[in-house]
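Take a look at the structure below.
Note that the numbering runs from 1 along the sequence shown for the chain. Both counts, for ligands and for their atoms, begin at 1 and track the order of listing.
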Amino acid sequence: MSNLEALNQWVVGIASLTQPERIQWCDGSDTEYTELLSQMQADGTLLPLNAKTHPDSWLHRSDPDDVARVEHLTFVCTTDRDDAGPNNHWMAPADAHAKMDALFAECMRGRTMYVIPYCMGPIDSPLARCGVELTDSPYVVANMRIMTRMGAAALARIEREGSFVRGLHSIGELDPDRRFIMHFPEELTIKSYGSGYGGNALLGKKCHALRIASWQAREEGWLAEHMLIVGIENPKGETHYIAAAFPSACGKTNLAMLIPPESYREAGWKVWTVGDDICWMRPGEDGRLYAINPEAGFFGVAPGTSAQSNPNALASIQHDTIFTNVAVTADGQPWWEGLDEREPAKDWRGRAHDATNGPAAHPNSRFTVSARQCPSYSPRAEDPQGVPISAIVFGGRRASLVPLVFEARDWTHGVLIGAAMGSETTAAATGAVGVMRRDPMAMKPFCGYNFADYFAHWLSFDKPGAKLPKIFHVNWFRKGDDGKFLWPGFGDNLRVLEWMIARVDGSIDAVQTPIGALPHVASMRLDDVVLSAEAHQKLFSFDADGWRSELDGIKRYFEEFDARLPRALVDERRRIERELAA
Ligand code: GTP
Ligand code: SPV
Ligand code: MN
C-alpha cells in the first residue's frame, strides 16, 4: 500500500478487473530480488548459467512466437486521430480501453500481481519522470529492477509528486492473436497484453520513456529520443558529450561503449558511456541542451557482441546478467553468433544445436545488465542536471548512396536530415529484415504523436539564446560492389567523432555541398586504417544523381503528412533540390 490514494485506488481497481491471487508491492530490495530469482529458477522461467564463468547469471527462453517488438500491434490512442498521425496505428481511446479490459478480465487468476514503482532517470533529477507498472510476470519485475530505479525511493518520489504514468501489463496467454500494446498519452496510461518480451513488456522503456514521454516532452518543452549518449574525452582532459539516434539494432550500444583505436588510447583519448538507448534532453539556463539517460541498465543485442567488437559490453555481462534467447555451450555458458569460434550445444529454443535450424542464438537475443557493471560507465551518468550535448548524430543502415559522415548547415537543415532518415529494418521488430524504410530520428516505432508535430517541436528549439548542438549524419553500413562493409566501424568510428568535435570547436574546415559539409579526407585521422580506392570514393563524396532521387523519395514520404508538415522543412528540402540542380 502507498499513502497516495490515487495509486491505491488504481491498484485496487485493476486487481478487481484482473483477479490476481495475491498482490506484491515491490520495494526494490536485494532480498526481494533474490526471492524472485529463486522462484523463477524453481518454476523453470530462469535457467542458471555456468556459475564459475558467469556467476549469478541466468538464461530465459521466451515463447518462440514472442521474440521482438510487434509494431503492427502497437497503437497510439488519442481522441483526435490526427494527433497520432500517419506514423502510428490508431484506435479511439474508448474502443481501445474496451478491447483491452476484455482481455485483462480475470487474466491474473492464480497469479501474483506485482506493483512496480519506478523512476526513469536519476532519482533526484528534475528531468526524471516516474511510473508504476502492474504486471503478472516475475521476469518483467527482474528486468525492470535492472533497467530502472525501481522500488521504495521511486515510490517516495511518486507520493511526493502525486503523479505517475500508469502501465498495466499481463503476459496473458502469449498468444500473438491476443496481443496489443496500447498507449493513451492523454491519460498517461499504457495497457500491454499478450507479450512478455522486451519493449512490449518492460513498460518503462519504449512505452513510457519514448511514446508517452515524447508526448509529455512536447507539452513541457523537452525531447525524449531513441539516442545513445557518449562522452569523448580528448588528451587534454576535455569531454564532449554526443547524442546519437540510430534505429533498433543499428549500433547505439556499440558506439556508446566504443573502445578507441590503439593510437588514440596511447594518445590519451577516453570514452565514457552515459546511455545506450534513450536520451531525455532539455535546454539549460545557459541555452545548451542537457541530457540524462532515463535508464539504469542495458537491454542490449547479444549477436555480434565480442571481445573485438565491444569489449566493454562483454566485460559488463560476465556476472549478474539475464540473457534472453541466446544459445548455450555444453558447459552452460551463454553463446551467440559472432562471440567466438566455439560450437554451442543448445539453440535459443533449447533444442540440440543444428545449423539447418538457422542461427543458434535468436538474432534479437539480448542481455539485461546494470549500467554500473560497464567499465566505461560515466560518473556523470548519475548527475541530476544531465550532461551538455555538443553534437547530435543521426544515422541508419544504408548500403548505398549515403556517405560516411556529413554535417548540417544549421538546425533547420539538421532537423530535415533527421526527419528524412532511412534505414534497413532489423530483427528488433517482427517482420521482414533488410527492407529500407523511412525512420525519422530512429523514432518511427516510438514517437507517441504525429511526426509532423514532432518535427515542428524539434524546429521550435531554435530560438534566441539557444546554444544548440551541431547536427551530423553518419552511415557505418555503406557497402562496396562485393557486398561487404566499406568502413571498419566499431572503435574506428571514433575517427569520425573526432572530426565532428573539431567541427564543433571550429578548428577545421570542410567541403560545402548541397547535402551538407563533408570532411576533407586529409582532415580525418585515417593513418592506421586501410581503405580501398572504392571505399575512399564512396565514403567521402556524394553522388548528385542519387541524391536527386533520394530527395524525390523524401518528398513523397513528406506528402503523407499533408499541410501539417512544417513549412520550414518543405522549403529546406526544396533548397537542397535547387542546389543539386544548379
Ligand atoms: P537497440 O538496442 O535495438 O535499440 O539497438 P542498438 O542501436 O543499440 O544496436 P547495437 O549497438 O546492439 O548494434 C546491433 C548490430 O549492429 C550488431 O549486429 C552490430 O554488430 C552492428 N554494428 C554496430 N556498430 C557497427 C559498426 O560500426 N559497423 C558495422 N558494420 N556494424 C555495426
Ligand atoms: C529496440 O528495439 O529498439 C530495443 C529493444 O532497444 S526493445 O526494448 O525490445 O524495444
Ligand atoms: Mn532501442
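Close approach of ligand 1 to Arg366 (heavy-atom distance below 4.0 Å) involves ligand atoms 1 (P), 2 (O), 3 (O). Short contacts between ligand 1 and Pro247, defined as distances under 4.0 Å to a heavy atom of the residue, involve ligand atoms 7 (O). Residue His226 approaches ligand 1 through these ligand atoms, each under 4.0 Å from one of its heavy atoms: 4 (O). Near Lys252, meaning under 4.0 Å from any of its heavy atoms, are these atoms of ligand 1: 1 (P), 4 (O), 5 (O), 6 (P), 7 (O), 8 (O), 9 (O), 11 (O). Within ligand 1, the atoms closer than 4.0 Å to a non-hydrogen atom of Val301 are 12 (O), numbered from 1 in the order shown. Near Phe485, meaning under 4.0 Å from any of its heavy atoms, are these atoms of ligand 1: 30 (N).
Within the 4.0 Å heavy-atom criterion, the part of Phe477 lying near ligand 1 is the side chain and not the backbone. At a heavy-atom distance under 4.0 Å, only backbone atoms of Cys250 (N, CA, C or O) approach ligand 1. Contact annotation for Asn493 and ligand 1: only side-chain heavy atoms (C-beta onward) come within less than 4.0 Å of the ligand. If you look at Asp277 next to ligand 1, the close heavy atoms, those under 4.0 Å, all belong to the side chain.
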Filter the ligand 2-protein atom pairs down to N or O on both sides and distance under 3.5 Å, then list them.
residue, atom, partner, partner atom, Å
ligand 2, 2 (O), Arg69, NE, 2.8
ligand 2, 2 (O), Arg69, NH2, 3.1
ligand 2, 2 (O), Ser248, OG, 3.1
ligand 2, 3 (O), Lys206, NZ, 2.6
ligand 2, 3 (O), His226, NE2, 3.3
ligand 2, 3 (O), Ser248, OG, 2.5
ligand 2, 6 (O), Lys206, NZ, 2.6
ligand 2, 6 (O), Asp277, OD1, 3.4
ligand 2, 6 (O), Asp277, OD2, 3.4
ligand 2, 8 (O), Gly199, N, 3.2
ligand 2, 9 (O), Gly199, N, 2.9
ligand 2, 10 (O), Arg69, NE, 3.2
ligand 2, 10 (O), Lys206, NZ, 3.2

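A donor-acceptor pair under 3.5 Å links the side-chain atoms of Glu337 to the main chain of Ala360, judged by distance alone. A donor-acceptor pair under 3.5 Å is absent between the side-chain atoms of Thr135 and the main chain of Tyr114, judged by distance alone. Listed for the Ser376 side chain is no donor-acceptor partner under 3.5 Å among the backbone atoms of Trp272.
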message: Pair Glu233, Arg265 - check salt bridge (Lys or Arg N to Asp or Glu O under 4.0 Å), show working.
response: CA-CA 11 Å; Glu233 182 180 332; Arg265 279 202 306 272; over 6 Å; no
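With a 6.0 Å radius and a threshold of 12 heavy atoms from other residues, nucleotides or ligands, Arg372 has its CZ atom at or below the threshold.
Ring pair Tyr454/Tyr449 is perpendicular by interplanar angle, where above 60° counts as perpendicular and below 30° as parallel. A parallel orientation is assigned to the rings of Phe406 and His473, their planes being inclined by less than 30° (bins at 30° and 60°).
Residues Arg211 and His183 have side chains that bring a donor and an acceptor to within less than 3.5 angstrom of each other. Thr253 and Asp276 share a side-chain donor-acceptor pair at under 3.5 Å. Arg397 and Thr426 form no side-chain donor-acceptor contact under 3.5 Å, judged by distance and modelled atom types alone. A donor-acceptor contact closer than 3.5 angstrom links the side chains of Glu225 and Trp458.
Considering backbone and side-chain N/O atoms, Gly489 never comes within less than 3.5 Å of an N/O atom of ligand 1. The shortest N/O to N/O separation between Gly251 and ligand 1 falls below 3.5 Å.
The protein non-hydrogen atom at the shortest distance from atom 21 (C) of ligand 1 is Arg397 NH2, 4.0 Å.
In this structure, the side chains of Thr74 and Arg69 stay at 4.5 Å or more apart for every pair of heavy atoms. The shortest distance between side-chain heavy atoms of Asn234 and Ile232 does not fall below 4.5 Å.
With atom 22 (N) of ligand 1 as the reference point, the heavy atom nearest to it among Phe246, Trp476, Phe299, Phe490 is part of Phe490.
For the Mn ion (ligand 3), protein N, O or S atoms closer than 2.8 Å were enumerated as Lys206 NZ, His226 NE2, Asp277 OD1, with waters left out.
Only one option out of His169, Glu173, Arg179 pairs with Tyr193 in a side-chain hydrogen bond (donor to acceptor under 3.5 Å, both in side chains); it is Glu173.
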